[in-house]
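Convention: sequence-line order gives letters A, B, ...; per-chain numbering from 1. Note: hydrogens, waters and symmetry copies are ignored here, and every other heavy atom, side chains too, is used.
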Protein chains: 2
Amino acid sequence: MLTILLSLGSGLFAQNHPGLILTREGVREVRAAQAAAPLFEAVVAQTRAEVDAEIKAGIAVPIPKDMAGGYTHERHKKNFFILQKAGNLYQLTGEEKYAVFVRDMFLAYADLYPTLGLHPTMKSYATGKIFWQCLNDANWLVYASQAYDCVYDFLTEKERRKLEKDLFRPMADFLSVENPQFFNRIHNHSTWGCAAVGMIGLVMRDTQLVHRALYGLRNDGLDDSMLDNDGGFIKTDGVRRAGFLAQLDLSFSPDGYFTEGPYYLRYAMTPFLLFAKALSNHEPDLKIYAYRDSILKKSIYSLLNLTDAQGRFFPVNDAQKGMSWRAREVVAAVDIAYADFGNDGRLLSVAEKQGRVLLDGTGFRVARDLAKGLARPFVQKPVFFRDGPDGDKGGLSVLRMPTPGGGEWCAVMKYSAHGMGHGHFDKLSYSIYDETGEVVQDYGAARWVNIDQKGGGRYLPENKTFAKQSIAHNTLVVNEMSHYDGKVKDAEAHHPDVYFTDLTGKNYQVAAADEKHAYPQAALHRTVALLKDETLKNPLFVDVFRVASGVENQYDLPVWFQGHLLSANFEYAAATDTLTTLGTKNGYQHIWREATGKPAADNAQITWFNNGKFFSLTSLVSPSDELVFGRTGAHDPEFNLRRDPCFLIRRKGAKSSVFISILEPHGAYNPVAEIPEDPFGHIESVRLIFDSDAYTIFDFRNINGRVWTVFLANQNADKSARHAVRAEGKMYEWTGPFAFRTP
Amino acid sequence: MLTILLSLGSGLFAQNHPGLILTREGVREVRAAQAAAPLFEAVVAQTRAEVDAEIKAGIAVPIPKDMAGGYTHERHKKNFFILQKAGNLYQLTGEEKYAVFVRDMFLAYADLYPTLGLHPTMKSYATGKIFWQCLNDANWLVYASQAYDCVYDFLTEKERRKLEKDLFRPMADFLSVENPQFFNRIHNHSTWGCAAVGMIGLVMRDTQLVHRALYGLRNDGLDDSMLDNDGGFIKTDGVRRAGFLAQLDLSFSPDGYFTEGPYYLRYAMTPFLLFAKALSNHEPDLKIYAYRDSILKKSIYSLLNLTDAQGRFFPVNDAQKGMSWRAREVVAAVDIAYADFGNDGRLLSVAEKQGRVLLDGTGFRVARDLAKGLARPFVQKPVFFRDGPDGDKGGLSVLRMPTPGGGEWCAVMKYSAHGMGHGHFDKLSYSIYDETGEVVQDYGAARWVNIDQKGGGRYLPENKTFAKQSIAHNTLVVNEMSHYDGKVKDAEAHHPDVYFTDLTGKNYQVAAADEKHAYPQAALHRTVALLKDETLKNPLFVDVFRVASGVENQYDLPVWFQGHLLSANFEYAAATDTLTTLGTKNGYQHIWREATGKPAADNAQITWFNNGKFFSLTSLVSPSDELVFGRTGAHDPEFNLRRDPCFLIRRKGAKSSVFISILEPHGAYNPVAEIPEDPFGHIESVRLIFDSDAYTIFDFRNINGRVWTVFLANQNADKSARHAVRAEGKMYEWTGPFAFRTP
């Protein structure tokens, strides 16, 4: 460690300001620009207007009091964004008024900060001083350090001394040594903490802080049983390392997957990239961008690929829906990736959709190259991510196929490790998307981020009691218990296992995984696939869920379809007078039982309508299965939950069992033309041919009598293994864990 | 009558083909076009592609069997559109293959038609032959007559004789003399019937049919008690006239308002305009366009103004939501209005949004003038429509004000006559729209038009049991009974009365009306207004609902807000374990009671979130009022209803009473930025100063302590009348039925 630190130091003190994110070279490039960069110019103009308005309104540095959504919170939050913008404007335009504004606001903070105790809310596992949690204080410092860098040379030495003594250094200590439970984790909170401490350290030329940021606190004295506010553990079993480098090692899988999911990866990306960029500027010899086989670059591409056709992140684990690659954090990621990771023209087309760029040298280059017409389309591809630092803790697959007319059919299967405090008990769950958005949803988090009226913008109680529970997801629930009995510690101790992935088949993409620990008495094995065929108008989604158990259980397999139910091929009785809940705990208490039915045949089929399209789900069922239509909203005393529908197949008293469903998108309807096209599903039935622990064979038939057959080997993923099964008096033979025979 | 008919005849027989809708002059103009008309060319290309595909697929004229949504229905429907298109293409391109296709399809129909009895479904009050109802058969003939006109000269005389003898003449008779209950009404069904009979008559040079179409059947022998499928009466009390001219006289108010509402006006517009255009072409002396002070022109502008900012029709009465000015019927209306009613450049901007034009001379002119840059913006204005043929049966007002940033705040108050079979029991109801769409909704119809899975695409049972009932609307319900006890006959015998309208105030727009017959024991008086003021960021909606009664009643005032409830300023208890219905009949049986609360003070305030914006409703309440949150979905055995929320103020044991509410839009939030702007309402409270049958005075206060006062004279609409009221020890004086005093 010492070696690196010394080498760091040598670079550090040779630097001039600005040199953290905006650099002297960047400023020179922008100021000397000959080439047109209209998007950059627009951002400069817009930022000028915004900052000028703030200058006009005057500096406000109120005594901290409120939760997120409240005045003091939102004011301090706005301040750090404005500080960073004003600092950059000072450098880019040379106008002193911006430096004066930054200086004066910093001095106001330097007067306030020493007077502050902990924030009065005291609701966080790591209460901040300016904000209710250290996390937001760290956000503040990450942005403020950039502003300080930009006005460093403008300030007198006396001013700098005051700011560093009364504000920056105490804040850096507060966020690290005084709050080890915040700083010394492998968690996005700590990434912000390390970036904050390290970035201000780089500007202040404080090697001690930079060292602390890179390597963490040596002895944090933290107990393994400590929890954060989300119910996550502060320390991971067996992991004693901390600091930025440890986070680069342990936060991502070798494929750049982030176990908390894309919503939090997007959030964590900012401190990772900003601190990395600052280190790259100050100490190129550290080669931080190349660290761990260019893990930061991989993580940016992973983030961009974990989106639906509209660029919205798949809302796995705790995630607010609608967050997308248009977010400011992704603007930063795309601009830095473009400028520093090889000028990939596909990133320019994402930047174009974002419609804005960073107010620095990377943003300028993106804008300039966009104007040069160097953009190429960014097309999300089917992709398989391993999870876990060593890539051995399950994974997540995104299956995607184009549909006629330029649409998309996309399935996400999640068999990654538990997403720490933000993890859901959703092992082997899937969700489905088309070109407009969700078709079969992942509920996401029960939270209205920053909306004061909803629990101060924090996670709502229903996040734990519903959104995290297994029944809230499209996965199997045994005996109305959530996976791992809803215990984070147990879920973190295990993970699903990758069984087999093939995203390159001519007619199919398939992902299969095992979950052997979620239930002591039942092993779960799921295969999901997209299938296509010339004679099928649209690709199909196929789901085969096998559960192996030696004892009788109740199995519930929900499908959280989005839209309005049009029809079902079975009789059901709706609860017309009184609604009651589907159960009493583990999320069931939040679901109203709207209707209950019984299969009329071996197949249950429902059709729903959403966003101008029809969807039909055809499921293999047993005569004794119960078919339930449910809806969220029970035990929701403050209207925190959406009212969303689900369809649920319930099988009682079964040991080993298999569930097979086919989902097809079809047709179109809009209320202007009022002419339905193709409103009926094309798949008529699914038929089980053979099922054992080792093999599952089934076929499905369309309305024209064509039959397709699917063969699964459930216990041998060897792609070259040959299998033969006798069933219905015939020998079925195939090779590998998955085969799809078209008519 | 004879005079007109003879004059008609003289024009008629002088005409050549085509001369019905597409004319020889139109064809010549298009073929000789020098000016660019790219939109028209696109339509020609698109229509060619569509018709060529049909020619390739071959003619299909199946034996009628299905309801709407089913194969034979959709096939015959497609056929008539394609016939019309192929006929026009023949004229415009001169390519014979189109004429051959039309001829052959007509000959197939001529073979089939004589073999048909009534359509096997037998579900309509006027069952058709090709379709399940005469209405659709009339649609067929309106389009087919245009195709026949286009290929008339191409056909041999023998072919024409066969078509007229076996197909057109029998169909025209079937739709008129054989179905007087369909033909001889004042109703959109009959408009189609008259246009069909009249248009084929013009092409066939059959003066008898044209006469029948213009003047109706002399003796229809219809009983006054007959009903159609929607529960509407076949005959209107006291009205014996029928035929096209009677419909022009009786279907519209003098302002061009159509009592069934814009959804049906849009539908009825096609036969009105097509037959009028055909009459105008064949017999200019009739001056049909100038008839009744240019009533058709007025009706087109009324249709275009009955839209939200997105061009979607206000869904009053039976209406499918989402229907908009992009509909094909409105394309026809806009093109004809542009070409024949004075080349209003504002219509071109609507045509531009429609993105298509008619395949005829009017469409050509619109496309050409669009290309010339003659379009001007079409800005919907505040507008008041009288209802009733003589303009004395109530009305409907659209209040609209711009909001900062280019948005809109729009309130629709409905106090028109009952919309015949499509009328709802929604007297004095309002609905609210912003620039994105609905804020406080009118439920519209319980129907999925043409979606076979939902009751064959017809009106669903819940349309009568819920959507038409008073509680489904934003209006007062007395003793849980619908207006006029839900009886169409009674509702048609009366109507609300216009009390006062002023859409020109500097700071306000206001509409007020009385409904004295909906309840025998209670008179209703409602005033709605939009208010603005420099110190208010956004315009407000204000609702003052007075009920005068000498006996104690229960009053329910629902607000069908669209969105997710964020907060309420009163305690409420949610039904967490069991949901029960709000009542047992008159629509109440379809509403789940999700929560019940009690006011904490004189005001009840709720805030909700929808489409990126916040909305706060502040209502004056009594301590004993019950505050209910409800949601549709009870007694809905086939999932026909949407699950939509409402907030309801219930007042029990009250005689005369007043309800005052203020609704304000505010702020913004999106899940990408996650930064709420202005998430709290600005109106703090509403206070009643004085209330009597004659006067209501109240003020409201914002969070900065500013106070605005509103004065209403409830029984004297004289704008110059001076009023003085002593209340709270002060004299309040104002002039006219409404005054708004800003601070």
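For a residue to count as touching a neighbouring chain, one of its non-hydrogen atoms must lie under 4.5 Å from one of that chain's; by this rule A575(B) touches chain A with the backbone only. Contact annotation for T584(B): neither backbone nor side-chain heavy atoms come within less than 4.5 Å of a heavy atom of chain A. Contact of R631(B) with chain A is made through the side chain alone, with heavy-atom distances under 4.5 Å. Interface remark: L641(B) contributes backbone atoms only to the contact with chain A (heavy atom separation under 4.5 Å). If you measure heavy-atom distances from F313(B) to chain A, you find no contacts under 4.5 Å at all. Neither the backbone nor the side chain of Y71(B) comes within less than 4.5 Å of any heavy atom in chain A. Neither the backbone nor the side chain of W325(B) comes within contact range of chain A; no heavy atom of the residue lies under 4.5 Å from a heavy atom of that chain. For K77(A), the part lying near chain B is the side chain, with the backbone staying farther off; criterion is any non-hydrogen pair under 4.5 Å.
Top candidate by heavy-atom pairs under 4.5 Å with chain A, chosen from E638(B), Q320(B), R266(B), K78(B), is Q320(B). Note: L565(B) leads T580(B), T581(B), L565(B) in heavy-atom pairs under 4.5 Å with chain A. Taking chain B as the reference chain and counting heavy-atom pairs below 4.5 Å, the highest number among H564(A), E329(A), R326(A) is found for H564(A). Ranked by heavy-atom pairs under 4.5 Å with chain A, the list K454(B), E74(B), H590(B) is led by K454(B). When the candidates N670(A), V672(A), V330(A), I675(A) are compared by the number of heavy-atom contacts under 4.5 Å with chain B, V672(A) comes out ahead. Counting heavy-atom pairs under 4.5 Å between each of D577(B), N640(B), L579(B), T607(B) and chain A puts L579(B) at the top.
In terms of heavy-atom proximity, M323(B) sits nearest to P671(A) at CE-O, 3.2 Å. Considering every non-hydrogen atom in both F614(B) and I451(A), the closest pair reads CZ-CD1, 3.7 Å. D452(B) approaches F680(A) most closely through the heavy-atom pair OD2-CZ, 3.5 Å. Closest approach of A574(B) to P637(A), counting heavy atoms only: CB-CA, 3.7 Å.
Residues satisfying the ring pair (Phe, Tyr, Trp, His ring centres under 6.0 Å) test with H682(A), not counting sequence neighbours, are none. Residues satisfying the ring pair (Phe, Tyr, Trp, His ring centres under 6.0 Å) criterion with Y572(B), sequence neighbours excluded, are F639(A), F629(B).
Comment: E594(A) engages R643(B) in a salt bridge, judged by a side-chain N to carboxylate O separation of less than 4.0 angstrom.
The distance from the CZ atom of R328(B) to the CD atom of E674(A) is 7.5 Å, given to the nearest 0.5 Å. Atom CG of N450(B) sits about 6.0 Å away from atom OH of Y669(A), to the nearest 0.5 Å.
Crowding of K585(A) atom NZ: a count of heavy atoms from other residues, nucleotides or ligands under 6.0 Å not exceeding 12.
Separation of the F609(A) and W448(B) ring centroids falls under the 6.0 Å cut-off.
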